[in-house]
Undergrad: 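Quick one: the structure is below, questions incoming.
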Amino acid sequence: MINRTTNAALAAAVAAAALMSAGANAQTANADKERCYGIAMAGKNDCAATGNNSCAGQSKADYDAKAWKYVAKGSCATMEVTLKDGMKRKGTLSPM
Amino acid sequence: MRALADIQRTFTHALLQPVLRVPDAVGERAGTSRERRFRVYRNNVKASLVAALTARFPVVRRLVGDEFFEAMALVFIGQHPPLSPVLAEYGAGFARFLEGFEPAADLPYLPDVARLEWARHAAYHAADAAPIGIDRLAALAPEDLHDARLVLHPAAALVDSPWPIVSIWTTNSVDEEVRPIGPDHGAETALVTRPRHDVLIHRLPAGAGVAIASLQAGRPLGEAIAGAPADFDLPHMLAVLFGAGAITGLLKGAPE
């Protein structure tokens with residue numbers, strides 16, 4: 001049991017925690033990401049542009065052209081998926 | 001003339017109880033019989049509720065299989081019809097229902113996995129708030145830390161379990177291939193947050209669940225960690241809390 005946490009011990013813990021979280025700021029978690037359409041597997045989308053699936057994880061088809069996923073900025077156009085008919089398609093920054 | 005409320009009560013009651021006859025309020029029309037029309041309505045209600053549960057509890061569904069899940073969902077729907085017209089609120093009692101659902105008794109962790117999935121769902125619909133960085137806490141004078149109160153994000157929620165629920169959830173939702181979760185995985189406490197658009201799940205270090213629940217209840221930092229075990233890792237807990245975007249404000253001094 002910690003009977004009386006000293007101010008110094010608390011301050012040391014806070015400082016250690018600040019060091020641990022350096023570079024991992026949640027506020028900017030999605031700031032370096034972009035919405036990429038047409039690459040999400042069924043149920044793995046982050047959200048939808050329009051249509052019936054109001055949001056995350058509810059797309060019903062693989063690589064739904066209207067469902068998007070967050071990906072690292074600049075990488076969307078390089079995401080390539082293979083559709084059921086064997087065609088290959090890249091992700092786009094707007095709904096297809 | 002009967003009151004409208006009476007008619008509605010009879011109607012909704014009959015919708016979810018297939019043994020009840022078609023309510024009198026359903027009138028005859030040319031074409032399709034009233035029995036058949038009511039069956040269509042009844043089926044649509046059930047299908048939409050099953051779909052809502054399926055969307056809300058994908059890992060539970062994966063753990064028991066599609067067929068079992070649907071049968072289980074129908075039993076739940078029969079026993080727990082929606083109490084609100086908002087479909088997004090449906091399924092709050094599912095975890096508790098699973099505790100007493102005999103056919104799933106072989107999976108004792110199932111109710112807690114359902115709790116975690118419900119917490120994700122609730123976090124998704126919780127109010128928005130901007131998280132603050134740990135630099136704000138670090139900027140306080142050492143003598144102010146003990147009485148500092150951390151304001152938790154409206155979406156932040158704890159799910160405490162004697163089972164490795166975070167590992168089970170993760171491997172069944174994220175991993176390409178499901179990896180076995182052995183008996184060496186002990187109890188896990190999950191912190192669910194939604195700093196921006198994405199719901200996140202974090203595994204908390206031992207003892208952190210109690211401390212965070214205490215913070216959530218408005219107790220100051222020093223008091224919240226006072227009962228923690230000697231090996232409690234405070235820096236780790238703070239790093240997870242702030243890193244997960246679970247803290248949105250900092251209040252100095254005792255509450256009024």
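Lettering follows sequence order; numbering is per chain, from 1.
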Undergrad: Crowded around B:Phe97 CZ? As in, over 12 foreign heavy atoms under 6.0 Å?
TA: yes
Undergrad: Which heavy atom of A:Met20 sits nearest a heavy atom of B:Ala239, and at what distance?
TA: CB-CB, 3.8 Å
Undergrad: Show the nearest heavy-atom pair for residues A:Ala13 and B:Leu234, with the distance to one decimal.
TA: CB-CD2, 3.5 Å
Undergrad: Looking only at heavy atoms, which two atoms of B:Pro235 and A:Ala17 are closest? And how far apart?
TA: O-CB, 3.3 Å
Undergrad: Could you give me the CA-CA distance, side-chain angles and deciding distance for B:Ile225 and A:Leu10, then say whether side-chain contact (heavy atoms from CB on, under 4.5 Å) is met?
TA: CA-CA 10 Å; B:Ile225 59 165; A:Leu10 265 178; 3.9 Å; yes
Undergrad: Under a 4.5 Å heavy-atom cut-off, does chain A meet the side chain of B:Leu140, its backbone, both or neither?
TA: neither
Undergrad: Can you tell me if CD on B:Gln216 sees more than 12 non-hydrogen neighbours from other groups inside 6.0 Å?
TA: yes
